[in-house]
2 protein chains.
Amino acid sequence: MGRSYGGVAAEQRRAERREKLLRAALQLFTTTGFAQTKISQLCAEAGVSTRNFYEEFDSKEQVLLVLHDLINSLALQRVTDALAGLGDADAATRIATLLDAFVASVTSDPRLPRLNYVEAVGVNADLERQHLRWVVRWAEFIEAEARHAAAQGVAPDRSYRLTAIALVGAVTGLLREWQAHDPPLDVDEIAAEIRGLMFAAITRPA
Amino acid sequence: MGRSYGGVAAEQRRAERREKLLRAALQLFTTTGFAQTKISQLCAEAGVSTRNFYEEFDSKEQVLLVLHDLINSLALQRVTDALAGLGDADAATRIATLLDAFVASVTSDPRLPRLNYVEAVGVNADLERQHLRWVVRWAEFIEAEARHAAAQGVAPDRSYRLTAIALVGAVTGLLREWQAHDPPLDVDEIAAEIRGLMFAAITRPA
DNA sequence: TCCATCTGGTAATGGGGATTGTCAGATTAC
DNA sequence: GTAATCTGACAATCCCCATTACCAGATGGA
């Protein structure tokens, strides 16, 4: 079981196959489309046998679930890091930093927003639950920043729950269109629009 | 061919079956889910035969395409009507009227946003094209109102293209969450948030 | 009333693809 | 060097469901 083959441990070979499958899935799901992608295609693209597929995943849906979570987790990491290296800046700076880190993370590869905001929508109940968890998580992030701004006196003291959800939707919508438009929209302009919109949404009078 | 049966013209019976299929599709796509719905289920729910299905539609996808277009068209009609019966009011009133009409139309049945913003996403290229056309259409609507506001001097004279796309995303996001949340979000609060957000987005200084 | 025609439901067909069994080859321990 | 074991590719199986052929019954005209 734990015996090493070709000088490589079994566990490591499994991990590499998993990695290759995820990479292939990101590629095929965002070009062929999730529904149209066959497991056999996935395995061919990854250079792995169908047998191996079932050793790592239960279904195509589970691969998508993992990818969706990875993309969000990576973005969260980037945002958290960016905010951490900021000390205690003013609210406007924190918000700009947060948004820029998010946009930079998700636009680093056009396939990421495509997968997250198009292919992973409405697939099944599990994915919808995961989507909802992430929306709530991002919204709470934004809410926290809004309250921070309110504490500094640059925003009114009110509930920011719906504003936060709306802003998550605005960002999602822009990034979805970004990867769909031809000619493509300009990333810097999108980032600027998001910053301006969020600042205006939070600082508007109650 | 054109012979009447049971006192009902052939054309009318066709139209009724089509109607029943669309109704059944709206119900099943938003509960079972589009991908999980079988054509046989659809026919059973509608009370028609599979034969009849293929007389009206080429595929399940086409039914979804028609429903998606219907929901958007209905909302557009409502919005256009509301604005028409307004004379030349000020920009703020026009924007509030437009948004309220849209929200009222799409929230009149929770299945509508579910179908439009969850089930109809990422299904195939045809639907993505139709989605894009509607986003552009709604965005142009919003842009026009923003320019109107600028002409009245309540908003700066700038490009509102990205702002409009972002606002479409914000509305979409809120309505998507509205139908997903338990306990449900309050419709009036959502409408108020959308009005506030749009006004702030447009009137913010350039 | 009877026949030609139309209608719609049921059941057969066929294809596509997910899942699993098998086997030849590779690898390591002894 | 050899046997025992593990690995992964291929192919066979099986099932599900979209699509269509067929037929029994209904309908209206003559």
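Numbers restart at 1 for each chain; the letters A, B, ... are given by sequence-line order, proteins then strands.
Atom OH of Tyr54(A) is separated from atom P of dA9(D) by 16 Å (rounded to the nearest Å). Straight-line distance from the NZ atom of Lys20(A) to the C1' atom of dG8(D): 12 Å, rounded to whole Å. When the C1' atom of dG8(C) is taken as reference, atom CD of Glu16(B) falls 15 Å away, rounded to whole Å. What separates CG of Asp58(A) from C1' of dT19(C) is a distance of 12 Å, to the nearest Å. Protein atom CZ of Arg14(B) is 10 Å distant from nucleotide atom P of dT7(C), rounded to whole Å. Between Arg17(B) atom CZ and dC6(C) atom C1' there is a gap of 12 Å when expressed in whole angstrom units. Spacing between atom CG of Asn52(A) and atom P of dC6(D) amounts to 16 Å, rounded to whole angstrom units. The nearest whole Å value for the distance from the CD atom in Gln62(B) to the P atom in dA18(D) is 16 Å.
The backbone N or O of Phe102(B) lies less than 3.5 Å from no partner atom in the side chain of Ser105(B), so there is not a single donor-acceptor pair.
No side-chain N or O of Arg114(A) forms a donor-acceptor pair with one of Thr31(A) less than 3.5 Å apart. Side chains of Trp134(B) and Asn116(B): no donor on one and acceptor on the other come within 3.5 Å.
Each of Gln62(B), His68(B), Glu61(B) was scored for a side-chain contact (heavy atoms from CB on, under 4.5 Å) with Leu127(B), with one residue passing: His68(B).
Taking for each of Arg51(B) and Lys60(B) the nucleotide of DNA chain D with the nearest heavy atom, the 5'-most of the two is the partner of Lys60(B).
Counting heavy atoms from C-beta outward, Asn52(B) and Ser49(B) have side chains that approach closer than 4.5 Å.
For residues 26-50 of chain B, proximity to DNA chain C is found at Val48(B), Ser49(B), Thr50(B), defined as any non-hydrogen atom under 4.0 angstrom from a strand atom.
Here Asp126(A) pairs with Arg129(A) in a salt bridge; the nearest charged N to carboxylate O distance falls below 4.0 Å.
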